Amino acid sequence: MAMISASILNADFTCLAKTADLIETAGADAVHFDVMDGIFVDNLSFGLPVLESLRRYTALPIDVHLMIQEPLRFVERFVSAGAQYLSFHIESQSDPVQTLQAIHSHGIPAGIAVSPGTDVEKVFPLIPEMDEEDFFLMMTVEPGWGKQPFIPEVLPKIRKLSGEIRKKHRRLHIEVDGGINAETSLLCRQAGADYIVSGSYLLSAKDPAEAVRLLRGDKSDI
Ligand code: DX5
Ligand code: ZN
């Protein structure tokens, strides 16, 4: 069954605790935490102190997505602040193998994120370096902002990656992030994704629990 990770990027940060409650009550499996440094992407979001506060408040695992230029420098600090999944971009400046090893040394799953404009073949050589619980994060929008429309051209890349993982007899996960709603979640799951990030669709749903079920594909009508 797909894991649903709720992105708080577009939450009202004056009442983050309320958003965390909503996510937990809705039945999501994790909180997706988008970190931006203003260099890797042209936007700034939040970082370590906010993660520490959220960690104390929610029982859900926190899935930290680093959209920063030098993720390796920050691995230890994000793990100490409460990251339980930690992903970084292949397009960043850190060495991917060293970054994977740094994350693994803390005993948590590592994710390699791929922006829409990057050839997915670029991450194939990293498959043997990954642990069983690791994942790829296929961006289905340009990283940097929530509420953007899904880019369907990423779907064949997800299929290609999924095929390559199977060919190498591995069981790595594929997360999708950006513009995910009930319909695009289905398309991504059909293409091979099993970790689903959703921000604006989930947080603005009239019935967030129903939105989680639809994203997960618990309903036969979607
Ligand atoms: C974009 C972020 C996403 C974003 C998803 O840079 O990585 O996690 O918050 O938000 P929605 O679901 O609104 O596209
Ligand atoms: Zn994200």
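Scope of the values below: all heavy atoms of this structure, side chains included, with no hydrogens, waters or symmetry mates. Nothing here was measured: the structure is a model prediction, and the numbers come from that model. Order of listing sets the numbers, starting from 1, for every ligand and every atom in it.
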S.K.: Taking only heavy atoms of Lys147 into account, list the atoms of ligand 1 that are under 4.0 Å away from them.
M.R.: 11 (P), 13 (O), 14 (O)
S.K.: Which one holds for Ser200 and ligand 1: side chain close, backbone close, both close, or neither close, with close meaning a heavy atom under 4.0 Å?
M.R.: both
S.K.: Hey, can you tell me if His89 and Phe40 have their rings parallel, tilted or perpendicular (30° and 60° cut-offs)?
M.R.: tilted
S.K.: I'd like the atom name of the N/O/S atom in His32 lying closest to the Zn ion (ligand 2).
M.R.: NE2
S.K.: Looking only at distances, can you tell me whether any N or O atom of Ser7, backbone or side chain, sits closer than 3.5 Å to an N or O atom of ligand 1?
M.R.: yes
S.K.: Tell me whether Asp34 has any N or O atom under 3.5 angstrom from an N or O of ligand 1.
M.R.: yes
S.K.: Please check: side-chain N/O of Thr58 versus main-chain N/O of Leu60, any donor-acceptor pairing under 3.5 Å?
M.R.: yes
S.K.: Polar-atom distance check: Tyr201 versus ligand 1, any N or O pair below 3.5 Å?
M.R.: no
S.K.: Restricting to N, O or S atoms, which atom of Asp34 is closest to the Zn ion (ligand 2)?
M.R.: OD1
S.K.: Among Asp63, Leu137, Ile196, exactly one meets side chain to side chain contact (heavy atoms under 4.5 Å, CB included) together with Asp177. Which residue is that?
M.R.: Leu137
S.K.: Of the protein's non-hydrogen atoms, which lies at the shortest distance from atom 1 (C) of ligand 1, and what is that distance?
M.R.: Trp145 O, 3.4 Å
S.K.: Using a 3.5 Å distance criterion without hydrogens, assess whether the side chain of Thr140 forms a donor-acceptor pair with backbone atoms of Ile151.
M.R.: no
S.K.: Is there a salt bridge (charged side-chain N to carboxylate O under 4.0 Å, His left out) between Lys160 and Glu121? Walk through the geometry before answering.
M.R.: CA-CA 9 Å; Lys160 212 180 226 181; Glu121 284 87 351; 2.7 Å; yes
S.K.: Check the pair Lys18, Asp12 against salt bridge (charged side-chain N to carboxylate O under 4.0 Å, His left out), reporting the backbone distance first and the verdict last.
M.R.: CA-CA 9 Å; Lys18 225 166 107 186; Asp12 175 350; over 6 Å; no
S.K.: Quick check: does any side chain N or O of Arg159 sit under 3.5 Å from a backbone N or O of Ala191, one acting as donor and the other as acceptor?
M.R.: no
S.K.: Taking distance alone, with no angle check, do His65 and ligand 1 share an N/O pair under 3.5 Å?
M.R.: yes
S.K.: Between Glu164 and Phe124 (side chain of the first, backbone of the second, donor and acceptor by atom type, cut-off under 3.5 Å), is there such a pair?
M.R.: no
S.K.: Which ligand 1 atoms does Met67 reach within 4.0 Å, using its non-hydrogen atoms?
M.R.: 6 (O), 7 (O)
S.K.: What N/O/S atom of His65 gets nearest to the Zn ion (ligand 2)?
M.R.: ND1
S.K.: Using a 4.0 Å cut-off to any heavy atom of Gly178, which atoms of ligand 1 qualify?
M.R.: 14 (O)
S.K.: Quick test: of every protein heavy atom, which one is nearest to atom 5 (C) of ligand 1, and how far off is it to 0.1 Å?
M.R.: Asp177 OD1, 3.5 Å
S.K.: With a cut-off of 4.0 Å, which atoms of ligand 1 are near a heavy atom of His32?
M.R.: 8 (O)
S.K.: Start with the C-alpha gap between Arg55 and Glu52, add the side-chain angles, then the distance that decides, and say whether salt bridge (charged side-chain N to carboxylate O under 4.0 Å, His left out) holds.
M.R.: CA-CA 5 Å; Arg55 172 66 298 145; Glu52 278 163 16; over 6 Å; no
S.K.: State yes or no: do Val141 and Leu66 share one hydrophobic cluster built from I, L, V, M, F, W and Y residues joined by side-chain heavy-atom distances below 4.5 Å, directly or via other members?
M.R.: no
S.K.: What N/O/S atom of Asp177 is the closest to the Zn ion (ligand 2)?
M.R.: OD2
S.K.: Looking only at non-hydrogen atoms, which of Gly179, Gly146, Gly199 approaches atom 14 (O) of ligand 1 most closely?
M.R.: Gly179
S.K.: Do any nitrogen or oxygen atoms of Gly144 come within less than 3.5 Å of a nitrogen or oxygen of ligand 1?
M.R.: yes
S.K.: For ligand 1, which atoms, with element, lie under 4.0 Å from some heavy atom of Pro143?
M.R.: 6 (O)
S.K.: Measure up the Tyr195 and Tyr85 rings against each other and bin them: parallel (under 30°), tilted (30 to 60°), perpendicular (over 60°).
M.R.: perpendicular
